[in-house]
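Note that these values count all heavy atoms, side chains included, but never hydrogens, waters or copies made by symmetry.
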Amino acid sequence: MNKNNPYANSGVDTKAGDLAVELMRKAVSRTHGAEVLGGVGGFAGLYDASELLRYKRPLLASATDGVGTKVAIAQAMDKHDTIGQDLVAMIVDDIVVVGAKPLAMTDYIACGKVVPECIASIVAGIANACAATGTALVGGETAEHPGLLGEHEYDVAGAAFGVVEADQLLGPDRVRDGDAVIALAASGLHSNGFSLVRKIMADRALQYTAHAAELGTSYGEVLLTPTALYAGELLRVFAALPEAVHALSHVTGGGIAANLARVLPRGSWCEVDRASWRPLPVFEHLAELGGYELPQLEGAWNMGIGMTAVVAADKTAQVLELLECQQLTAWQVGNVSFGARDLAGFNTEAKGVKGGAVRFVGEYSAA
């Protein structure tokens, strides 16, 4: 016991925290342009907002999120370099949904014990994803919570803000009859539905390190595939094809139908055609392990679609071509209609938003 440092005796190692900051400094600094002042280590991150002066009516868009129980798999695998991208994707891709350009982000990591290399690995992943989306990582916090979290446990969260011109704001009011609904391919499970994944694994007494022959690697490696980043590609679509995109839906908790319904106007509806794609192998395999049919899981998992875009019917081919040129797989899954019809069996409300009506139709492709 160190009588001269009672704080350390309580389980908080400030020197380890300082080392973690030093290890992450280079990665964080790479996300800083001339608009970031003060560097790493200040009490508050500073961002030069002069860029907003070029907007006629700038709207600030903000979002906050975490990674959920996916962190438990990272901890079980002792692999921490992908969770950071998950965090950025969950937040920044929410911001781009309204048409906003992401500007800056902060992160928060709570842990039972600061292991500098682990913290630096997480933050490096955050910084790399921020750089890929043009987002400055302007601040963060690492907090030790001994007694509340185990020595090898942590949780991550963050917040970000962006800007959009008021008359370019995306949303339900832009959606028109006949608009096409385009799907953007997911990289995997992304960062939702992991409580169900963990239950399936536990029920089958499967370890994350176990090899899954059907998937060609360990369960943990597949499950830790980082969430796809869409912001950069979508911003380029906005710039090249103004007015083509009317609304976007980030497929997070609740699945495809519930999240798409949130960005459609009341009185509209869309049928998502399962036959237009085949869910990724990880979904098929986990469904089989759990004894489920794939349609039973559509409210928990993204089924291979990470984002949907509602686009003008006469711009659909151009949007698809531009996304493909950016190596982002995309395809049409349906159309929006305002025609009168019976909406029994449709999703019409999610997260307190009463929007349009969405349901799945058909059977998934076998090819």
Side-chain contact, heavy-atom cut-off 4.5 Å: [X] with [Y]?
X	Y	result
Met105	Val88	yes
Asp93	Met307	yes
Tyr219	Ile73	no
Thr142	Val123	no
Leu60	Leu52	yes
Leu103	Thr135	no
Leu215	His285	yes
Tyr292	Leu286	no

Closest approach of [X] to [Y] (non-hydrogen atoms, all atoms of both residues):
X	Y	result
Ala63	Ile91	O-CG2, 3.5 Å
Thr82	Leu224	OG1-O, 3.4 Å
Ile83	Ala74	CG1-CB, 3.6 Å
Asn347	Ala257	ND2-CB, 3.4 Å
Val272	Val358	CG2-CG1, 3.8 Å
Gly158	Leu87	N-CD1, 3.8 Å

Begin with the C-alpha distance, continue with both residues' side-chain angles, and end with the deciding distance and a verdict on side chain to side chain contact (heavy atoms under 4.5 Å, CB included) for Leu323 and Val237. CA-CA 8 Å; Leu323 291 171; Val237 171; 3.8 Å; yes

Hydrophobic cluster membership, [X] vs [Y], 4.5 Å side-chain cutoff:
X	Y	answer
Leu260	Trp331	yes
Val336	Ile305	yes
Val92	Val98	no
Ile256	Val263	yes
Leu322	Val96	yes

Using 30° and 60° as the class boundaries, would you call the ring planes of Tyr364 and Trp277 parallel, tilted or perpendicular?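 Ring orientation of Tyr364 relative to Trp277: perpendicular.
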
Between Phe346 and Trp269, what is the ring plane arrangement, given parallel below 30°, perpendicular above 60°, and tilted in between?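 Perpendicular.
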
Does [Y] offer a backbone N or O that forms a donor-acceptor pair with the side chain of [X] under 3.5 Å?
X	Y	result
Gln296	Glu293	yes
Asn128	Ala124	yes
Asn302	Gly188	yes
Ser268	Leu264	no
Arg266	Lys354	yes
Asn335	Val181	no
Ser187	Pro226	yes
Thr69	Ala72	no
Asp177	Phe338	yes
Gln85	Ala129	no

Kindly write out the residues that satisfy side-chain contact (heavy atoms from CB on, under 4.5 Å) with Thr316, not counting sequence neighbours, or none if the list is empty.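 Partners of Thr316 by the side-chain contact (heavy atoms from CB on, under 4.5 Å) criterion, ordered by chain and then number, come out as Ala180, Ile182, Val311, Leu320, Gln332.
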
Under the side chain to side chain contact (heavy atoms under 4.5 Å, CB included) criterion, do Tyr230 and Leu328 qualify, and how do the steps go? CA-CA 9 Å; Tyr230 301 106; Leu328 184 54; 3.9 Å; yes

Steps toward side chain to side chain contact (heavy atoms under 4.5 Å, CB included) verdict (Leu248, Val310): CA-CA 6 Å; Leu248 291 169; Val310 182; over 6 Å; no

Between [X] and [Y] (salt bridge meaning N to carboxylate O under 4.0 Å), is one present in this structure?
X	Y	answer
Lys113	Glu153	no
Lys70	Asp86	yes
Glu51	Lys101	yes
Glu271	Arg341	yes
Arg174	Glu243	yes

List, one per line, each side-chain donor-acceptor pair under 3.5 Å for residues 194-212, sequence neighbours excluded.
from: Lys199; atom 1: NZ; to: Asp203; atom 2: OD2; distance (Å): 2.7
from: Arg204; atom 1: NH1; to: Leu289; atom 2: O; distance (Å): 3.0

With no hydrogens and no angle check, just 3.5 Å: does a side-chain donor-acceptor pair link Ser191 and Thr227?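 The criterion, which ignores hydrogens and geometry beyond distance, is satisfied for Thr227 and Ser191.
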
How long is the span from the [atom1] atom in [X] to the [atom2] atom in [Y], to the nearest 0.5 Å?
X	Y	atom1	atom2	value
Leu184	His250	CG	NE2	10.5 Å
Leu280	Leu189	CG	CG	8.5 Å
Glu284	Leu297	CD	CG	11.5 Å
Gln75	His152	CD	NE2	10.0 Å
Glu288	Glu214	CD	CD	6.5 Å
Lys79	Ser218	NZ	OG	9.5 Å

Begin from the C-alpha positions of Thr106 and Val138 and carry the test side chain to side chain contact (heavy atoms under 4.5 Å, CB included) through to its verdict. CA-CA 6 Å; Thr106 59; Val138 297; 3.9 Å; yes

Look at atom CZ of Arg54 and say whether more than 12 heavy atoms of other residues, nucleotides or ligands are closer to it than 6.0 Å.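 Enclosed.
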
